[in-house]
Amino acid sequence: MISSSSSTLLPKTLLSLLKKPKTIPRILQIHAVSITSALFFDPSFAARLLFAVSELSPTSPAYAETVFSQIPRPDTFSYNTIIRIHAHCGNPLKAIHFFALMRKNGIFGDNYTYPFVLKACGSMLGCKVGVLIHGEVIKRGFDEDLFVRNGLISCYCKNGEYGLGRKLFDGFVARDLVSWNSMIAGYVDYGDMEEAQNLFDEMPERDPYSWTILIDGYGKKVGDVDRARKLFDKMPKRDLVCWNSMIDGYTSCGKMDQARELFESMPERNVISWSILIDGYAQHGNPKEALDLFQQMLHQGTKPDKVSAVGAITACTQMGALDQGRWLHFYLKKKKILFDVVVQTALIDMYMKCGSLDLASDVFDSMCERSVVTWNVMIVGLGSNGCGRLALEIFHKMERERAPMDDLTFLGVLTACTHTGLVSEGLEIFERMKSEFGIEPKVEHYGALVDLLGRTGRLREARNVIGKMPMKPTSALWGSLLAACRTHKCVELAELSVEQLAKLGADDSGVYVLLSNIYAGEGMWDDVWRIRKLMKTGGMRKEIGRSAVEVDGTVHEFIYGDSSHPFMQEIYAVLQDLSNSVVSTR
DNA sequence: CAAGGAGCAG
């Protein structure tokens, strides 16, 4: 038991306590005062503490940096430790930064340094830095070290230079399992399963890593999940990771039954196994099952992490299940699941799609860090809830804060403008999109522009947008022009749209229904009958419209023409009321 | 006086 400290502990005592990684978080908390004074009095204490922090899982890079800054004259070991932490936590730039700092201070590192640095290069910095490091490795005589050499292979392979990796691999006098595995992973990453399989067959011995690389490759890279399964069944010794990988192979191609079967027969599971399945159900249109599974996971005593939490939130979003979403939000807060940008963004999206603008805004306002996705979700959410002005406000806030934007930001703003009829504002932003923000409009943006103009009756301009856009117009573009023609009664452009849709092979029943409605509206009955006949001979049928909503935890489904819902009368009364009030506000 | 390279969820 760690006693709560009234007196200050000596650095030596603290260090002996820090030997057990599991208790470190508590020690950091309880003995914060002692640690501060130890940092002050014992010059080597910070270095030891830094190492202790690096052993934590999850590590806190921010805390590690604070500790690092307390080290008076960091040696190679301390630099290695801070570089390792950052490389491991996915901060490659930071890792390289400390590598550079080390060099600046006249320390050149040892053969322990390079594998960390190479990992950082491999993950995102590109192999140009890798090539530089390679030169450095040779210069310092570390090129005989297998750890370093394997690090180089993986760095090259992860940057698409698998040829360079292979050259290194072939030149090895000695290889170990990791050399083989790194090379095979390189081929799999590149999508060359044949070469990967060849190497795999040539291997003198294999471990679960080797098998998993191939299973994962067949399952996700090439979608040959049956081949992956054959390998899986042949494996002599299976570990947790390869089970998860196999399950993920099934979920990523939508074979949820097989995934579930495998999941049920697992000897042990971790939070990743649950997350894979939860997310799989959420991604493949079975959010109810995803939520059930999430509950099962809690029941079974597995603590959810950020990933599984996001999966469950997404499932709520898809079902429009506000109550369950709110409960989840509350639960995550209570259990102190880390709230990062991704989780919070998922919550905003959920609240928006459930129509709860206030709760969404609460989360948004409480965030100290926001990603592009966060802003986008906010803008899209406000727009689709009919608050175009508010969406524009968020966009302008983004501008003021110089937050990075992407194409989805603009798509969101344009759509928001369309829904609220803010034509001039939308046009202005479309103009500035390329000139000021340097973002090239895609087909979707032109589509939004056509919608924006079309819905307010500026059909000629909408048609000109389609005519002048730099890429080939898609069927969706003609479709929205057609829809606009229906609202604003323009037979000529409607016929043109249908003609173009037919050329693109996108003339489904809905298209002809629209056209015949337009004819009917203009009293052109001959044309109406012509279209109806055309539809009948073409074997087309109107698709049935349906929607679903959650109330008090129950999901209600509505199908066009179906009157089996117990509250049908009341529902229609409300609808009548709503349409009356819409008419009166116009 | 401690440490490194390869595989699974977003």
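Just so you know, these numbers come straight off a predicted model, no measurement behind them. Labels below follow one simple rule: chain letters A, B, ... track the order of the sequence lines, proteins then strands, and each chain is numbered from 1.
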### Task
Classify the side-chain pair A/Tyr281/A/Gln318 by whether it contains a donor and acceptor separated by less than 3.5 Å.
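The criterion, which ignores hydrogens and geometry beyond distance, is not satisfied for A/Gln318 and A/Tyr281.
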Checklist entry - Taking N and O atoms by type only, does the side chain of A/Asp239 place a donor or acceptor under 3.5 Å from a partner on the base of B/dG7? => result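 Counting by modelled atom types and ignoring angles, a donor-acceptor contact under 3.5 Å is found here.
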note: A/Ile82, atom CD1; B/dG4, atom P; distance rounded to Å ~ 15 Å
(request) Measure from the ring centre of A/Phe51 to the centre of the six-membered ring in the base of B/dA2, then say whether that distance is under 5.5 Å and the planes meet at under 30°. (result)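 By the stated criterion, A/Phe51 and B/dA2 do not stack.
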Rounded to whole Å, OH of A/Tyr281 lies from P of B/dG10 at a distance of 16 Å
Atom CE of A/Met102 and atom P of B/dG4 are separated, to the nearest Å, by 17 Å
Q: Would you please classify the geometry between the A/Phe169 ring and the A/Phe172 ring as parallel, tilted or perpendicular, with 30° and 60° separating the classes?
A: tilted
So CZ of A/Phe77 and CG of A/Asp110: to nearest 0.5 Å the spacing works out to 10.0 Å
Task: Residue pair A/Asp292 / A/Gln296, side-chain donor-acceptor N/O under 3.5 Å - done: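 Note: A/Asp292 and A/Gln296 side chains miss the donor-acceptor criterion.
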Of the listed B/dA6, B/dG7, B/dG4, the closest approach to the A/Ser154 side chain comes from B/dA6
ask   = Checking all strands, does A/Lys220 fall into the base, sugar-phosphate, or nothing category for heavy-atom contacts under 4.0 angstrom?
value =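 Result for A/Lys220 = sugar-phosphate.
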Task: Any donor-acceptor N/O pair under 3.5 Å between B/dG7 base and A/Asn244 side chain - done: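 Per atom types, no contact qualifies.
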When rounded to whole Å, the CG to P distance for the pair A/Leu146 and B/dA6 reads 14 Å
Rounded off to whole Å, could you give me the CZ-to-C1' distance for the A/Phe77 and B/dG4 pair?
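Taking atom C1' of B/dG4 as the reference, CZ of A/Phe77 is at 11 Å.
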Ordered by number, residues from residues 185-195 of chain A within less than 4.0 Å of DNA chain B (heavy atoms) are none
Whole-Å distance, A/Met235 CE to B/dC8 P, equals 13 Å
Please tell me if A/Lys119 has a side-chain N or O lying less than 4.0 Å from either OP1 or OP2 of B/dA6.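 So the side-chain polar atoms of A/Lys119 do come within 4.0 Å of the phosphate oxygens OP1 or OP2 of B/dA6, strictly under.
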Need one value for A/Val342: base, sugar-phosphate or nothing, where a base atom within 4.0 Å counts as base even if backbone is also close, heavy atoms only. nothing
Nearest-nucleotide pick for A/Ile272, side chain only, options being B/dA9, B/dG4, B/dA6: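 Per side-chain heavy atoms of A/Ile272, the pick is B/dA9.
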What about A/Trp243 and A/Phe232, are their ring centers closer than 6.0 Å?
yes
Regarding the side chain of A/Val307, the nearest nucleotide among B/dA9, B/dA6, B/dA3 is B/dA9
In whole angstrom, what separates A/Glu55's CD from B/dC1's P?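 That distance rounds to 17 Å.
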Heavy atoms under 4.0 Å, any strand shown: does A/Phe116 hit a base, just sugar-phosphate, or nothing?
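The residue A/Phe116 makes sugar-phosphate contact but no base contact.
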Considering only heavy side-chain atoms of A/Asp145, the closest of B/dA9, B/dG7, B/dG4 is B/dG4
| Contact class for A/Ile213 (heavy atom, under 4.0 Å): base, sugar-phosphate, or nothing? | sugar-phosphate
Exercise. NA contact type, A/Asp279, heavy-atom cut-off 4.0 Å: base, sugar-phosphate, or nothing?
Worked result: sugar-phosphate
| query | Picking from B/dG4, B/dC8, B/dA9, which would you name as closest to the side chain of A/Arg84? | reply |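 Nucleotide nearest to A/Arg84's side chain: B/dG4.
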**Item:** Given B/dG7, B/dA9, B/dG10, the nucleotide with the shortest approach to the side chain of A/Asp248
**Value:**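 Closest nucleotide to the A/Asp248 side chain: B/dA9.
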- Message: In this structure, is the centre-to-centre distance between the rings of A/Phe99 and A/Tyr79 below 6.0 Å?
- Response: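 No, too far apart.
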inquiry  = Between the side chains of A/Asp233 and A/Arg229, is the shortest nitrogen-to-carboxylate-oxygen separation below 4.0 Å, so that they form an ion pair?
reply    = yes
message: Once you apply a heavy-atom cut-off of 4.0 Å, does A/Arg48 come out as touching a base, just sugar-phosphate, or nothing?
response: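 Base contact.
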Discussion item. Tell me whether A/Ser245 contacts the main-chain N or O of A/Cys242 through its side chain, where contact means a donor paired with an acceptor under 3.5 Å.
Written reply: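 No, because the side chain of A/Ser245 does not come within donor-acceptor range (under 3.5 Å) of the backbone of A/Cys242.
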_Classify A/Val310 by what it touches in the nucleic acid, base, sugar-phosphate, or nothing, heavy-atom distance under 4.0 Å._
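Counting heavy atoms under 4.0 Å across all strands, no contact is made by A/Val310.
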### Task
Would you indicate what A/Asn270 reaches in the nucleic acid, counting non-hydrogen atoms under 4.0 angstrom: base, sugar-phosphate, or nothing?
nothing
Here the distance between atom P of B/dA9 and atom CZ of A/Phe263, to the nearest Å, is 16 Å
- Query: What pairs with A/Glu55 under side chain to side chain donor-acceptor pair (under 3.5 Å), at least two apart in sequence or on another chain?
  - Reply: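 A/Glu55 satisfies side chain to side chain donor-acceptor pair (under 3.5 Å) with A/Arg84 only.
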